[in-house]
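First comes the structure, then the notes that go with it.
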Amino acid sequence: MLSASAAIGSAGAIALVWALVQFKIIAAIPVKSLDDDETKPLKEGKTSSETTERLNEIYCAIYDGAESFLQAEYKVCFQFIAFFGLVVFALVSWGTGWDYWQGGFTALSFWLGALTSMASGYLGMKVAVYSNVRTTISAQKPGYTSCFNTAFRAGAVMGFALCGMGLLMLYATLLAYRMHYDDSEQWTVLTEVITGFGLGGSCIAMFGRVGGGIYTKAADVGADLVGKVVHGIPEDDPRNPATIADNVGDNVGDVAGMGSDLFGSFAEATCAALVLGASIGKDGDWDGMMFPLVVSAVGIVVCLLCSFLATNIVPVKKEADVENALKLQLISTTILMVIAIYFTATSYLPESTEMASTVGSGTFVLLPVNAWLCVSLGAVGGLIIGLVTEYYTSHSYAPVREVANACKTGAATNMIYGIALGYKSAIIPVFILALVVYGSFTLCDLFGVALAAIGFLSNLATGLTIDVYGPVCDNAGGIAEMAELDPSVREKTDALDAAGNTTAAIGKGFAIGSAALVSLALFGAFVSRIRRASEDTLFVEGVNMLEPLTFAFLIIGGMIPFAFAAMTMKSVGLAAMEMVMEVQRQFDEKPHLLDANPTERPDYDACIAISTNASLKEMVAPGAMVIFTPLLTGLLFGVNAVSGLLVGSLISSIQLAISMSNSGGAWDNAKKYIEKQPAGSELEGKGSEIHKAAVVGDTVGDPFKDTSGPALNIVMKLMAVLSLVFADAFYAMNKGSGLFNLS
């Protein structure tokens with residue numbers, strides 16, 4: 001049996017090498033139109049060389065826009081982490097009786113987590129921008145195999161590079177800290193200082209998701225409203241001034257923001273499991289204590305093996321194969337993980353370990369088979385939630401088709417049906433989460449819940465692959481439209497993108513479910529840490545929700561996700577209004593831009609500047625609210641108030657995130673379903689009044705599914721991990737009663 005260090009190190013290295021191999025395959029595709037006959041027109045008399053020049057022009061414009069935005073965003077992030085890292089150092093040092101080592105190591109973990117998260121987002125953006133134009137070129141080839149494989153491999157670069165980089169960085173930090181905390185009796189403190197890693201990753205994820213989400217949806221909404229609804233020009237038409245900004249947004253929001261988000265989930269789930277399972281290492285069993293990281297290492301190998309199913313063993317040959325290939329990835333990795341984790345648990349965990357219960361003064365016995373069941377509950381629960389999400393967001397099934405039919409009577413009924421669908425879609429996932437929580441808690445206390453969260457994220461490399469695949473295909477279609485390639489190329493990329501939309505919704509289901517479990521596990525770790533700090537004078541019998549202060553903040557916590565969603569939705573609305581006015585200004589001042597073959601290009605840079613400035617300005621307030629609410633609550637009102645705040649926020653965030661994400665996904669695919677219908681059909685097809693009603697729904701759904709909904713995952717995780725990191729400081733303030741000493 002490999003040691004934990006060998007297993008984790010090998011898996012991390014394999015992930016990085018595999019990502020490089022996939023990148024090399026993509027890089028071998030030249031940015032050149034595939035029509036070698038210079039005299040043969042591609043569209044409107046354009047030759048191959050002219051098309052190649054246009055492809056490079058669009059590629060460079062998208063790259064420059066994404067690069068400039070991320071540099072501006074990360075400049076703000078650098079300033080924040082420099083300041084907040086000092087806050088972490090000061091408060092943790094003070095809370096632990098001026099233990100500067102603990103404060104310093106926690107702050108260093110915070111910085112490392114933040115920098116790794118930023119690197120993950122930046123890498124994702126670079127790979128996506130590099131790959132989308134090559135996916136467009138591959139779509140010029142006959143069949144679907146080449147273009148699907150290009151987009152899929154682009155996702156694999158991001159997925160495996162992020163998992164490998166995150167795993168190696170986290171484990172290297174643990175090994176470095178172990179040199180200081182060399183006694184196994186000190187490993188509890190070691191797991192506490194590493195929680196800063198999750199906090200850093202989550203803070204950057206918050207800014208990345210919110211900033212990127214505002215950027216992409218401001219451009220998307222503005223482009224849709226003026227272009228498709230008012231002037232009736234196609235999506236991604238080169239005459240639309242906002243089209244480049246829209247395509248840039250796919251890379252900075254749906255790829256870079258999402259990469260930072262899922263990196264944060266991985267870091268936080270692992271940190272929670274390490275804190276709750278620290279007693280496994282009390283007798284020097286380092287390998288057993290590292291079981292959560294070994295699960296992630298095994299997941300990398302399983303995801304790598306299953307990736308051959310999509311690209312080699314069962315390749316995509318026709319449109320119907322695309323969605324099946326992506327779903328097969330999720331199903332196959334889940335099944336193999338359930339099998340592999342059984343052997344992992346029996347190999348790395350001791351035969352039995354007595355661990356302290358989170359609630360009460362008793363103990364429970366951790367058995368390898370129980371740990372395996374907890375991880376499996378998470379993995380299978382995540383798959384079920386993903387498939388339920390697919391049912392409610394794919395136009396292959398009744399719910400989305402009902403939304404499409406509602407467009408016959410206008411945008412209002414479309415909105416009503418879509419919102420109702422989102423609410424209804426939360427029912428089954430909530431029951432699944434409840435069963436996973438109950439089962440894993442019964443088996444292994446809150447450590448079991450943390451393992452279930454690890455199970456949700458065990459096939460993270462595959463989840464990331466599929467998530468990045470969607471925006472790459474979306475961008476590829478936009479480039480095909482802007483480069484005025486043959487309509488068959490756009491039809492092919494739209495087919496790839498439609499499947500990507502559905503699987504992206506599945507990915508959001510996974511992310512929401514894992515975020516819920518991670519938040520609960522982090523809350524359990526917070527309770528355990530308060531018990532240790534107070535020497536079991538607080539929370540011995542758990543958190544009493546009927547305490548007046550706790551219940552009061554439970555209600556306040558339930559409000560936080562709604563306040564956050566309101567702020568981010570309004571931010572998108574404000575930026576979209578500015579975008580609409582800019583696009584309309586250009587059309588008014590230069591009416592010839594709307595000619596069939598205009599001789600002048602729109603001012604794309606003006607729209608890029610609007611999205612950039614709006615997102616940088618608007619991301620600060622919601623991020624600050626989420627970060628400082630639990631911090632001020634703990635310092636001013638104490639640990640009981642924080643407990644209520646976290647539980648209320650968790651419960652509201654789950655329901656709201658699921659409903660918003662699925663409503664947005666359903667509106668998007670209802671529009672695509674209508675666009676696929678012929679002109680004389682019942683739904684009348686593209687350009688009809690029914691289609692315009694669907695576009696309005698899709699436009700409203702954009703911030704639902706790509707800004708506010710996904711960012712709610714980070715709201716519940718960030719508040720919980722921040723409370724865990726500052727738990728000792730909260731207790732140090734009047735022994736957990738806060739500055740106002742109300743409890």
Side-chain angles (χ1 to χ4, degrees), residues 202-203 205-207 209-210 213-214 261 419 422-423 425-427 429-430 433-434 511-512 515-520 522-523 526-527 543-574 618-664 700 703-705 707-724 726 730 738-740 742-743:
S202 203
C203 284
M206 171 59 72
F207 291 120
R209 263 299 193 191
V210 174
I214 293 170
D261 180 4
I419 292 171
Y423 291 156
S425 71
I427 297 172
V430 165
L433 282 171
I512 294 165
L517 293 180
V518 168
S519 302
L520 181 56
L522 289 166
F523 177 60
F526 168 75
V527 170
V543 178
N544 183 0
M545 285 296 160
L546 292 179
E547 288 280 349
L549 192 64
T550 308
F551 194 82
F553 274 87
L554 176 73
I555 298 171
I556 294 171
M559 170 274 300
I560 294 294
F562 290 91
F564 177 85
M567 294 169 76
T568 50
M569 292 281 286
K570 186 178 179 182
S571 295
V572 171
L574 289 170
E618 297 292 336
M619 74 179 185
V620 174
M625 181 188 73
V626 174
I627 291 168
F628 289 105
T629 296
L631 183 58
L632 293 176
T633 299
L635 293 174
L636 298 178
F637 298 98
V639 295
N640 283 326
V642 171
S643 299
L645 187 79
L646 296 181
V647 173
S649 172
L650 169 60
I651 293 171
S652 287
S653 292
I654 295 170
Q655 332 287 333
L656 195 57
I658 294 173
S659 64
M660 292 186 80
S661 295
N662 289 349
S663 286
V700 174
F704 269 54
K705 69 181 174 65
T707 306
S708 302
L712 286 168
N713 301 340
I714 307 169
V715 171
M716 47 182 152
K717 293 182 300 181
L718 179 52
M719 291 177 68
V721 73
L722 189 141
S723 300
L724 173 59
F726 292 113
F730 294 164
L739 181 64
F740 296 152
L742 296 180
S743 58

For S519 and A515 the tightest heavy-atom approach is OG-O, 2.7 Å
Between F564 and M206 the two heavy atoms that sit nearest each other are CE1-SD, 3.8 Å
task = Give a yes or no on this: more than 12 heavy atoms of other residues, nucleotides or ligands lie within 6.0 Å of atom OH of Y423.
result = no
Closest non-hydrogen atoms of L722 and I627, given as atom of the first, atom of the second and distance, are CD1-O, 3.4 Å
**Request:** Answer with yes or no whether the side chains of T568 and S708 bring together a donor and an acceptor at under 3.5 Å.
**Result:** yes
The reported gap from CG in L718 to CG in L522 (rounded to nearest 0.5 angstrom) is 10.0 Å
Taken to the nearest 0.5 Å, the spacing of C203 SG from I714 CD1 works out to 10.0 Å
Nearest heavy-atom approach of G558 to P561 is O-CD, 3.5 Å
On a heavy-atom basis, the closest approach of F523 and L646 is CD1-CD1, 3.7 Å
Problem set entry | S659 side chain to L656 backbone, donor-acceptor under 3.5 Å | yes
Notebook entry, point to check: Can you list the steps and then say if L631 with F726 is a side-chain contact (heavy atoms from CB on, under 4.5 Å)?
Noted result: CA-CA 8 Å; L631 183 58; F726 292 113; 3.8 Å; yes
_Quick one, F526 and S643 - any side-chain contact, counting heavy atoms below 4.5 Å?_
yes
Is there a side-chain contact between V210 and T707, using heavy atoms and a 4.5 Å cut-off?
-> no
* **Worked verdict on F730 versus S723 for side-chain contact (heavy atoms from CB on, under 4.5 Å)** => CA-CA 8 Å; F730 294 164; S723 300; 4.3 Å; yes
Within-4.5 Å side-chain heavy-atom neighbours: F553 and T633:
yes
For D261 and P710 the tightest heavy-atom approach is OD2-O, 3.9 Å
- Task: Determine the interplanar angle of the F740 and F637 rings, folded into 0 to 90°, and report it as parallel if under 30°, tilted if 30 to 60°, perpendicular if over 60°.
- Result: perpendicular
CE (M660) and NZ (K705) are apart, to the nearest 0.5 Å, by 12.0 Å
Rounded to the nearest 0.5 angstrom, the CG-CG distance for L645 and L549 is 10.5 Å
- Query: Any side-chain heavy atom of M719 within less than 4.5 Å of one from I560?
  - Reply: yes
OG1 of T629 to CD1 of I556, rounded to nearest 0.5 Å, is 9.5 Å
CG of N640 to CG of L554, rounded to nearest 0.5 Å, is 12.5 Å
Side-chain (T550) to main-chain (M545) donor-acceptor, under 3.5 angstrom = no
